[in-house]
Amino acid sequence: MSVRLITWNVNSLRQRLDHLARITEEQSPQVVCLQETKVQNGDFPVEAIKSMGYEHLSIHGQKSYNGVAILSRLPFETEDRRVWCEKDDCRHLSVTVAGGLEIHNFYVPSGGNVPDPEQNDKFAHKLQFLTEMAAWAKSDKVAQRKAVLVGDMNVAPFEQDVWNHKRLVKSVGHTPVETEHMLALHAAGDFVDVGRHFVPLPEPLYSWWGYRFKEAFARDYGWRLDHVLASPALAPSVSAMQILRDSRSWEKPSDHVPIMVDID
DNA sequence: ATGACTTGTAATACAAGA
């Protein structure tokens, strides 16, 4: 059996239902991990999602900010969530599906404007969150299971993960300390960076283009902030990866685009 | 040359994204 999985920061689920319907119809993923749903559980658009063919939902949302969800055509064998940085601000959900596949959906804090944990609590939160992810991967022995970590990790770790490394190396999302934390996470679980496995360095690879500069997508001023990390036990089964760039040019897009992987 | 946008909340700005 093969599982097709999509991860996507939708920047408001209720604003993106039409895009989600189109993507799920065109690609037929069995599992969809969403970030920045920006909707409380009680207001989750259950009927719209079920009409797209996703009967099994794991949701963790709050008012206004953050929020994650896992939509699935496969039943969940287990569902879990963890509190990170002693804050339950709706940044993680995990499920297991048949065959022992463990799926973790993350929304790592963006980190604010100033890349200094002394001056900026949001940046400190981001570094702590990544530190806790790495510590968990190690202590929970994630590397020994068939696990995939997906989501908006808000770090572009390699030079070719941003459109201009020199210019952006002091910008939050691409600073050396964030890159170190991200690579420490990779090492903690012996994870394979699936994006870079299929599109090796030094080829540019992006998943996010900002809204503020109108020509950002047209000029390909992108960042790779969204990631799929596969445990060593799972990585050989990942047969394909695609970044669905086209959706960034649709009307009223999210600033992030979906990443899709096929797992045999 | 990521500024200048988008979203949710609440009430015409503000917070947050990254």
Side-chain angles (χ1 to χ4, degrees), chain A residues 7-20 34-45 59-69 84-85 87 89-92 106-117 119-130 133 151-182 195 204-227 243 247-259:
Chain A
T7 176
W8 188 24
N9 178 325
V10 287
N11 184 19
S12 173
L13 175 58
R14 288 172 292 183
Q15 293 288 342
R16 228 61 68 197
L17 283 171
D18 290 349
H19 284 200
L20 183 64
L34 301 176
Q35 305 90 39
E36 279 206 273
T37 54
K38 297 187 176 177
V39 61
Q40 302 174 86
N41 289 354
D43 297 328
F44 197 88
I59 64 179
H60 188 31
Q62 63 180 17
K63 206 178 202 179
S64 304
Y65 306 117
N66 311 336
V68 287
W84 307 82
C85 306
K87 249 189 221 211
D89 53 354
C90 305
R91 295 181 180 277
H92 171 252
F106 282 99
Y107 177 50
V108 173
S110 64
N113 294 311
V114 179
D116 178 355
Q119 293 180 48
N120 174 7
D121 291 343
K122 292 177 184 176
F123 196 74
H125 182 208
K126 181 180 198 173
L127 296 183
Q128 179 65 24
F129 197 101
L130 290 164
M133 282 174 74
D152 178 2
M153 305 197 188
N154 270 316
V155 180
F158 302 118
E159 292 191 16
Q160 293 83 6
D161 290 338
V162 295
W163 64 277
N164 187 327
H165 165 69
K166 246 186 184 168
R167 179 187 199 115
L168 298 171
V169 70
K170 292 180 178 167
S171 297
V172 171
H174 190 57
T175 61
V177 66
E178 291 168 273
T179 293
E180 285 162 17
H181 279 68
M182 192 70 186
L205 190 64
Y206 312 136
S207 65
W208 177 88
W209 296 261
Y211 288 128
R212 294 187 195 181
F213 179 47
K214 272 218 180 328
E215 303 297 312
F217 185 62
R219 297 195 194 176
D220 207 16
Y221 291 169
W223 298 49
R224 188 172 72 109
L225 300 177
D226 302 274
H227 298 274
I243 296 189
S247 63
R248 187 63 178 78
S249 65
W250 299 349
E251 192 180 347
K252 282 197 70 186
S254 171
D255 44 357
H256 296 254
V257 297
I259 301 181

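Order of the sequence lines sets the chain letters (A, B, ...), proteins ahead of strands, with each chain counted from 1. Since this is a predicted model, take the numbers as computed values, not measurements.
- Evaluation of the ring pair (Phe, Tyr, Trp, His ring centres under 6.0 Å) rule for A:F129 yields A:W84 as partners, not counting sequence neighbours.
- In this structure, A:R16 has no salt bridge (Lys or Arg N to Asp or Glu O under 4.0 Å) partners at least two apart in sequence or on a different chain.
- Not counting sequence neighbours, A:Y206 has no partner by the side chain to side chain donor-acceptor pair (under 3.5 Å) test.
- Annotation: B:dA1 and B:dA13 have their P atoms spaced 29 Å apart (nearest Å).
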Nucleotide-resolved protein contact map, nucleotides 9-18 of chain B, B/S/- at heavy-atom distance under 4.0 Å:
SS-----SBB

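- Applying the salt bridge (Lys or Arg N to Asp or Glu O under 4.0 Å) criterion to A:D116, with sequence neighbours excluded, gives no partner residue.
- Straight-line distance from the NE2 atom of A:H19 to the P atom of B:dT6: 13 Å, rounded to whole Å.
- Applying the side chain to side chain donor-acceptor pair (under 3.5 Å) test to every pair with at least one member in residues 168-179 of chain A, sequence neighbours left out, gives these pairs: A:K126-A:E178, A:H165-A:H174, A:T175-A:E178.
- B:dA10 and B:dT6 are spaced 22 Å apart, taking the P atom of each and rounding to whole Å.
- Atoms CZ (A:R16) and C1' (B:dG8) sit 12 Å apart, rounded to a whole Å.
- Both A:G210 and A:T37 lie close to DNA chain B; mapped to their nearest nucleotides by heavy-atom distance, the more 5′-ward contact belongs to A:G210.
- Between B:dG3 and B:dG8, the two P atoms lie 23 Å apart (nearest whole Å).
- If you find the closest nucleotide of DNA chain B to A:K252 and to A:R219, the one lying nearer the 5' end belongs to A:R219.
- Applying the 90° criterion around 0 to the glycosidic angle, B:dA11 comes out anti.
- Nearest heavy-atom pair, A:N120 versus A:G111, reported as atom, atom and distance to 0.1 Å: ND2-O, 2.9 Å.
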